[in-house]
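Since the structure comes first, as structure tokens, the remarks are kept for the end.
These numbers come from the heavy atoms of this one structure, side chains and all, not from hydrogens, waters or symmetry mates.
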Amino acid sequence: MSADQPAVQAPRSAPHDHLGLILGIERVLDVHARQAIRAEFLFDSKSPLVVCVEFLVEGGPRVLWRIGRDLLQQGLYSMSGLGDVQMWPSPLEDRATVWLQLASGDMAALFELPVAPLAEWLGHTYELVPAGRELAGIDWDVATADLLPAHGTPSD
């Protein structure tokens, strides 16, 4: 990451049950080429297992990914994720950045993200909804209502 580019551009305004973060990150195009982009992270306490990340390239498309919050947290310290979403810390001793790889079909993108602001923001999400409490607020009767046949209706 370039030293002159601020990692955190501005907090995202959101209701008290939402936390937002805007990061300046870099997409690694090849060994010698990088593209500065903006990533907007949004955590909704009503859907606490995932973080929505929208990648914005100036003059380009907006791309939205839903990434597991625990995957992001673990990826700050060790290899995390399988398949389409993987994250791991940089091999440098200071571990100031992490790598995030996203794949879809035959395409993949590699991003370098700053650790400090992302770790601080993730910490706030765990204050809002602690680990292990993500499913505590779910009304299981409502959540499973569409999975079961209605009472009195014969099943196939």
*Looking only at heavy atoms, which two atoms of Phe55 and Ile25 are closest? And how far apart?*
CE2-CD1, 3.8 Å
*Hydrophobic side-chain clustering at under 4.5 Å (ILVMFWY, transitive links): who's grouped with Trp88? Put none if nobody.*
Val28, Met79, Trp99, Leu110
*Atom pair CD/CG of Gln101 and Asp84 - distance to nearest 0.5 Å*: 10.0 Å
_Please enumerate all residues that pass side-chain hydrogen bond (donor to acceptor under 3.5 Å, both in side chains) together with Ser80, with sequence neighbours excluded._
none
_All side-chain contact (heavy atoms from CB on, under 4.5 Å) counterparts of Asp106, not counting sequence neighbours_ = none
*Linking I/L/V/M/F/W/Y whenever their side-chain heavy atoms sit closer than 4.5 Å, directly or via other members, would Leu29 and Val63 fall into one cluster?*
no
_Is there a path of hydrophobic side-chain contacts, each under 4.5 Å between heavy atoms of I/L/V/M/F/W/Y residues, joining Leu56 to Leu102?_
no
_So does Glu112 get a backbone contact from the side chain of Thr97, meaning a donor-acceptor N/O pair under 3.5 Å?_
no
*For Met87 and Leu72, which heavy atoms make the closest approach, and how far apart are they?*
CE-O, 3.2 Å
*What residues, two or more places apart in sequence or in another chain, satisfy side-chain contact (heavy atoms from CB on, under 4.5 Å) together with Leu82?*
none
*asked:* Just so I know, are the side chains of Val50 and Asp44 near enough to count as touching, which here means a heavy-atom distance under 4.5 Å?
replied: no
*Quick one: CZ on Phe111 to CD on Gln35, what's the gap to the nearest 0.5 Å?*
8.5 Å
*Return the minimal non-hydrogen interatomic distance between Val129 and Pro48, and the atom names on each side.*
CG1-CB, 3.7 Å
_With sequence neighbours excluded, residues passing salt bridge (charged side-chain N to carboxylate O under 4.0 Å, His left out) with Arg27_ = none
*For Phe41, the option from Leu19, Leu21, Ile67, Ile22 that meets side chain to side chain contact (heavy atoms under 4.5 Å, CB included)*: Leu21
For residues 114-128, which side-chain donor-acceptor pairs fall under 3.5 Å, sequence neighbours excluded?
from   : atom 1 : to     : atom 2 : distance (Å)
Trp121 : NE1    : Gly20  : O      : 3.3
His124 : ND1    : Glu127 : OE1    : 3.4
Thr125 : OG1    : Arg69  : NH1    : 3.4
Thr125 : OG1    : Leu122 : O      : 2.6
Tyr126 : OH     : Asp70  : OD1    : 2.4

*At their closest point, which heavy atom of Pro89 faces which heavy atom of Leu76, and how far apart are they?*
CB-O, 3.7 Å
*How many angstroms lie between atom NZ of Lys46 and atom NE2 of His18, to the nearest 0.5 angstrom?*
6.0 Å
